[in-house]
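Quick notes on the structure that follows.
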Amino acid sequence: MIGLGRFGSHLAGSLVHLGHEVLGMDRDAERVQRWSSRLDRVVQTDPTEEGALRQLGVADFRRAVVAIGASVEASVLTVLALAELGLPQIWARATSEKHAKILDSVGAHHVIFPEAETGERVAHLIVSKMLDFIEFGDDFAIAKIRVPAPLVGRSLRELAPADRYGVQVVGAKLPGEPFRYAGQDMVLTAGSVLIVEGSIAQVQGFAALS
């Protein structure tokens, strides 16, 4: 994890929570000190220097994440250094479309826009009844919603025709039970939570049923 600002540190912490070893790097001594006890290894270094990265054994890693957001130049030079080391997967944070294009051109395999992606997701949640929402490309989304009132007491078999609501129910959680794959004979009760997939408009329309 290169760059331990707000985004990088949260991502590093999440990876550790998932059971992965994380090497953290940052130029800022205070950030390095703050995370020294939370990550497997944290070093203060200039990540734009290929030699410094090589000495730290970064060339042996399968993945690297460049989470630098304050300096476009440092972000680009770091991705370039990682590409020179031949890392199989380089993830990089972009702050603009132009920044993303440059990162892609110098060797980033995956470019992410955390602020934009979070903003879009939260916007959908604010204006709808959805509990969670993930948008994919080509107008496809998966959402977690409480079962709409008109569907309480009905089985998933009755909702099966795709042209009726336009969504596919792929999972469900009945009150007091864990999530499980949706079965055709499952009867929806008040308080049930569904995982549905479909186009963005279809998912929003299904969540808005009342």
Side-chain angles (χ1 to χ4, degrees), residues 1 4-22 24 35 38-40 61-65 67 88-94 109-210:
M1 180 64 60
L4 294 173
R6 182 177 300 176
F7 171 68
S9 60
H10 279 293
L11 180 53
S14 296
L15 289 170
V16 169
H17 182 71
L18 291 172
H20 297 279
E21 293 185 6
V22 176
W35 283 90
R38 308 185 202 181
L39 302 181
D40 300 281
F61 283 66
R62 293 184 59 244
R63 303 180 186 89
V65 179
Q89 288 191 42
I90 302 172
W91 294 72
R93 171 192 181 184
H109 303 106
H110 307 276
V111 178
I112 52 179
F113 294 85
E115 292 85 357
E117 291 166 4
T118 299
E120 290 174 4
R121 174 176 168 272
V122 172
H124 281 288
L125 298 180
I126 289 173
V127 301
S128 73
K129 296 180 180 179
M130 291 182 282
L131 302 175
D132 206 349
F133 177 87
I134 303 175
E135 179 181 346
F136 298 89
D138 301 321
D139 190 30
F140 180 79
I142 294 178
K144 179 170 122 179
I145 67 171
R146 295 196 187 281
V147 60
L151 306 184
V152 171
R154 299 174 64 179
S155 71
L156 291 180
R157 189 181 306 279
E158 298 177 69
L159 313 183
D163 56 354
R164 180 172 297 177
Y165 296 106
V167 299
Q168 177 71 40
V169 180
V170 295
K173 181 184 185 303
L174 304 184
E177 299 182 16
F179 267 107
R180 64 175 188 261
Y181 286 112
Q184 294 297 299
D185 296 324
M186 181 183 292
V187 176
L188 302 176
T189 57
S192 299
V193 175
L194 306 178
I195 302 296
V196 302
E197 63 181 23
S199 71
I200 295 172
Q202 289 169 338
V203 169
Q204 289 176 330
F206 185 76
L209 289 174
S210 60

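A quick note: this is a predicted structure, and the numbers were derived from the prediction, not measured.
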Taking salt bridge (Lys or Arg N to Asp or Glu O under 4.0 Å) as the cut-off, I'd like each qualifying pair that reaches into residues 181-192, sequence neighbours left out, listed once.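 Sorted pair list: Arg157-Asp185.
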State, to 0.1 Å, how close [X] and [Y] come at their nearest heavy-atom pair, and which atoms those are.
{"X": "Gly8", "Y": "Ala67", "answer": "CA-CB, 3.7 Å"}
{"X": "Val203", "Y": "Glu197", "answer": "CG2-C, 4.1 Å"}
{"X": "Gly24", "Y": "Leu39", "answer": "CA-CD1, 4.1 Å"}
{"X": "Leu174", "Y": "Ser192", "answer": "CD2-OG, 3.2 Å"}
{"X": "Ala207", "Y": "Met130", "answer": "CB-CG, 3.8 Å"}
{"X": "Val152", "Y": "Ala190", "answer": "CG1-N, 3.7 Å"}

Tell me if the CZ atom of Arg6 is crowded by more than 12 foreign heavy atoms within 6.0 Å.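 Atom CZ in Arg6 is not packed in, count stays at 12 or less.
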Does Glu177, at its CD atom, have more than 12 non-hydrogen atoms belonging to other residues, nucleotides or ligands within less than 6.0 Å?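 Check passes, neighbour count above 12.
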Is a side-chain donor or acceptor of [X] paired with a backbone partner of [Y] at a separation under 3.5 angstrom?
{"X": "Ser9", "Y": "Gly5", "answer": "yes"}
{"X": "Asp40", "Y": "Val22", "answer": "yes"}
{"X": "His109", "Y": "Ile90", "answer": "yes"}

Mind checking what makes side chain to side chain donor-acceptor pair (under 3.5 Å) contact with Ser14, not counting sequence neighbours?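 With neighbours one apart ignored, the set is empty.
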If we only count heavy atoms from C-beta on, is the [X] to [Y] side-chain gap below 4.5 Å?
{"X": "Trp91", "Y": "Gln89", "result": "yes"}
{"X": "Val170", "Y": "Val196", "result": "no"}
{"X": "Leu156", "Y": "Leu188", "result": "yes"}
{"X": "Val16", "Y": "Arg38", "result": "no"}
{"X": "Arg180", "Y": "Met186", "result": "yes"}
{"X": "Gln184", "Y": "Ser155", "result": "no"}

Could you check Leu194 against Lys144 for side-chain contact (heavy atoms from CB on, under 4.5 Å), going step by step and ending with a plain yes or no? CA-CA 6 Å; Leu194 306 178; Lys144 179 170 122 179; over 6 Å; no
Would you please test Ile142 and Phe136 for side-chain contact (heavy atoms from CB on, under 4.5 Å) and show each step? CA-CA 8 Å; Ile142 294 178; Phe136 298 89; 3.9 Å; yes
To the nearest 0.5 Å, how far apart are CG in Leu11 and CG in Leu4?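 If I round to the nearest 0.5 Å, the distance is 10.0 Å.
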Set out, in order, the CA-CA distance, both residues' side-chain angles and the distance that settles side-chain contact (heavy atoms from CB on, under 4.5 Å) for Val147 and Val193, then state yes or no. CA-CA 6 Å; Val147 60; Val193 175; over 6 Å; no
Candidate pair Leu15 and Met1, rule side-chain contact (heavy atoms from CB on, under 4.5 Å), full reasoning: CA-CA 10 Å; Leu15 289 170; Met1 180 64 60; 4.0 Å; yes
